[in-house]
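Following: one structure in structure tokens, then a few remarks.
For ligands, and for the atoms within them, numbers begin at 1 and follow the listed sequence. Just so you know, these numbers come straight off a predicted model, no measurement behind them.
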Amino acid sequence: MLRLLLVVLTVVNVRACYWNAQCTYQLFGSKTPYDTVRGDIRDHPLPAHCQAVSIWTLNRHGNRNPGTSVTVGMKEVADLRDEIINSYLSGTSQLCAQDIEDFRKFNWNSTLETTQSYLTGVGYEELYDIAKRIREKYPHLLYGSADKFYLRPTNEQRTITSCAAFAHGFTDGKNLNLTIDEPRTRDDVIRPYENCDRYQQDVKAGPTLAYQLDSYFISPEYIAIQNAVQYRLGLSTKLNASSIFSMYEMCRFLRSWTKTLKSPWCAPFTEQDLITLEYYDDIRHYYRNGYGSWVNENLGRLPLKDLYDNFLDVVQGKGRKLNAYFTHDTMMEMVFCALGLYKEDPPIQALLMDPERVWRTSYIGAFSGNLMAVLNSCLESGTQHSYKVQLFINEKPTPICPLTGCTWEEFQEKFKPFTNANLDFCSMTYVHDVEDEHTSPSTNAAPPTKAFWNWY
Ligand SMILES: *[C@@H]1O[C@H](CO)[C@@H](O)[C@H](O)[C@H]1NC(C)=O
Ligand SMILES: *[C@@H]1O[C@H](CO)[C@@H](O)[C@H](O)[C@H]1NC(C)=O
Ligand SMILES: *[C@@H]1O[C@H](CO)[C@@H](O)[C@H](O)[C@H]1NC(C)=O
């Protein structure tokens with residue numbers, strides 16, 4: 001009995017502190033830093049007897065400031081700082097002294113209120129470093145006229161600056177000129193969803209997404225976090241569902257701007273809380289950008305048509321050495337769906353988190369996430385000439401092509417179907433027929449079951 005009591009007392013007395021936790025949780029959905037999830041393009045061997053002749057890459061912009069509505073919520077939570085400290089002083093807080101000291105050092109940076117969604121210095125470095133690694137890996141690609149190297153961002157500060165950062169990293173120390181194209185007000189290659197009525201009305205503003213997100217915020221797991229954080233901080237101000245999520249936003253944005261990847265705003269959360277909070281983006285992106293709607297896979301085909309067309313040009317003796325585009329996680333995830341990657345069966349559900357899910361925004365929608373295809377020219381057995389295509393996501397191999405490369409024929413088989421990509425289905429008068437569902441090259445992209453659509 002005494003022993004049991006001792007054990008209980010020990011457990012209660014060893015209060016978990018955030019500041020000196022040996023191993024803090026690293027996955028923060030779409031706000032995960034690129035370095036947390038990337039591989040390294042320099043570590044992958046070229047296919048035997050091959051040299052890269054062309055690179056096509058689609059990139060999400062790097063680390064950015066929070067957007068407008070998130071910034072508003074964060075500022076409200078920032079205003080709780082003094083109350084958090086006072087609660088500690090009056091003995092109602094469960095937080096550790098050092099975590100409170102770190103709260104004291106915190107100040108709201110009002111620049112955030114005038115630079116919403118701008119690329120940050122961290123984001124600039126992410127793109128610079130990606131391009132630098134490509135430059136180091138493929139030095140023999142780095143000559144030729146400016147028209148051989150083509151870059152284009154979408155029409156946003158964060159993508160335009162990401163493009164500039166990439167160009168800087170690609171050319172640093174080299175006498176090399178690139179073509180940086182003007183962003184287009186309407187870009188149906190790298191942002192086709194923006195002007196797609198079917199997407200805007202049925203998917204982005206549709207009922208399924210809203211239903212799933214509402215379900216998440218009233219789930220028992222979420223309400224438990226809300227109650228636990230209220231208790232740990234010991235505040236008299238009642239925290240509601242959105243203030244808890246704003247605190248999570250504070251945690252994940254602010255930590256991403258530090259060298260140590262820590263922020264006192266993460267201290268109120270346990271690792272299990274962060275795992276549950278991470279799931280929010282997976283649900284949101286699954287229904288907004290992913291397999292939750294047939295529209296998304298179809299939108300993802302547009303950039304892949306551009307990839308195929310460019311590599312075909314090179315094989316036919318024309319074409320560029322570099323095509324680099326700078327876009328958004330929405331586009332990246334649509335492309336992954338068009339490729340049949342990270343598919344969940346049964347679909348992601350707000351109220352049923354599968355810890356083994358492969359649709360995981362931390363890995364597929366991190367800042368600076370990218371898809372990179374490398375066309376290699378090869379000389380096999382002396383005189384036999386061929387092409388091999390390698391495909392990387394976040395500088396790691398993918399199941400689409402082996403690390404040794406798809407043959408040109410295999411590549412054609414997988415990617416030629418994208419050449420008939422169009423936006424006809426975006427019209428609200430277009431009748432979606434399951435019969436002409438486009439199937440992806442590597443998997444059979446079966447449409448969601450009828451039961452699933454009826455269930456909302
Ligand atoms: C506030 O943010 C801006 C933009 O990121 C940065 O340049 C500035 O140094 C920050 N100010 C403080 C006091 O941290
Ligand atoms: C790049 O452009 C500059 C300015 O037009 C020119 O002087 C330089 O020779 C060019 N470099 C190459 C490699 O074409
Ligand atoms: C949650 O609390 C914040 C801050 O007090 C408030 O601005 C917001 O309207 C509340 N949200 C809901 C859904 O009640």
Side-chain angles (χ1 to χ4, degrees), residues 31 33 61-84 87 102-127 135 138-151 157-158 161-162 164-165 167-168 170-181 210 213-219 222-223 225-227 229-230 233 235-250 252-260 262-265 268 277 280 320-322 367:
K31 309 301 177 296
H61 58 76
N63 184 292
R64 62 158 170 79
N65 282 345
T68 307
S69 63
V70 171
T71 304
V72 170
M74 283 170 61
K75 186 165 194 283
E76 276 176 12
V77 163
D79 288 340
L80 293 173
R81 183 195 82 146
D82 290 350
E83 207 188 318
I84 290 170
S87 160
D102 293 340
F103 266 112
R104 278 207 184 87
K105 289 182 200 147
F106 163 81
N107 278 304
W108 174 254
N109 186 339
S110 57
T111 309
L112 291 175
E113 294 167 61
T114 51
T115 54
Q116 293 101 330
S117 298
Y118 277 31
L119 195 75
T120 61
V122 171
Y124 190 96
E125 284 179 29
E126 286 172 350
L127 270 299
R135 160 164 58 85
Y138 303 106
H140 61 279
L141 268 184
L142 306 175
Y143 64 92
S145 51
D147 62 334
K148 292 284 177 195
F149 302 90
Y150 179 84
L151 295 81
Q157 190 275 354
R158 59 191 179 282
T161 314
S162 292
H168 184 195
F170 197 76
T171 55
D172 214 2
K174 299 274 166 191
N175 180 19
L176 184 69
N177 297 328
L178 312 176
T179 304
I180 301 181
D181 203 357
L213 297 185
D214 289 349
S215 305
Y216 174 81
F217 286 118
I218 56 168
S219 67
Y222 193 82
I223 290 170
I225 294 174
Q226 198 175 319
N227 292 334
V229 169
Q230 182 83 52
L233 293 177
L235 303 181
S236 52
T237 299
K238 193 96 183 82
L239 300 173
N240 62 29
S242 64
S243 39
I244 295 292
F245 206 82
S246 294
M247 197 174 291
Y248 178 59
E249 298 282 18
M250 288 290 269
R252 60 179 180 170
F253 274 105
L254 295 180
R255 74 180 280 283
S256 76
W257 302 330
T258 68
K259 281 270 172 272
T260 54
K262 284 195 172 186
S263 160
W265 291 97
L277 289 160
Y280 172 81
R320 303 177 180 130
K321 293 182 162 194
L322 174 73
F367 283 130

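- Between Y248 and W265, the distance separating the two ring centers is not shorter than 6.0 angstrom.
- In this structure, a donor-acceptor pair under 3.5 Å is present between the side chains of N65 and T115.
- Ligand 3 lies under 4.0 Å from heavy atoms of E76, N240, S242.
- Both the backbone and the side chain of N175 come within 4.0 Å of ligand 2, counting heavy atoms alone.
- Between F217 and Y280, the ring planes lie tilted relative to each other; the angle falls in the 30° to 60° range.
- Residues satisfying the ring pair (Phe, Tyr, Trp, His ring centres under 6.0 Å) criterion with Y138, sequence neighbours excluded, are absent altogether.
- Taking the six-membered ring where the residue is Trp, Y222 and Y216 present tilted rings, their angle falling between 30° and 60°.
- Side chains of D147 and T179: no donor on one and acceptor on the other come within 3.5 Å.
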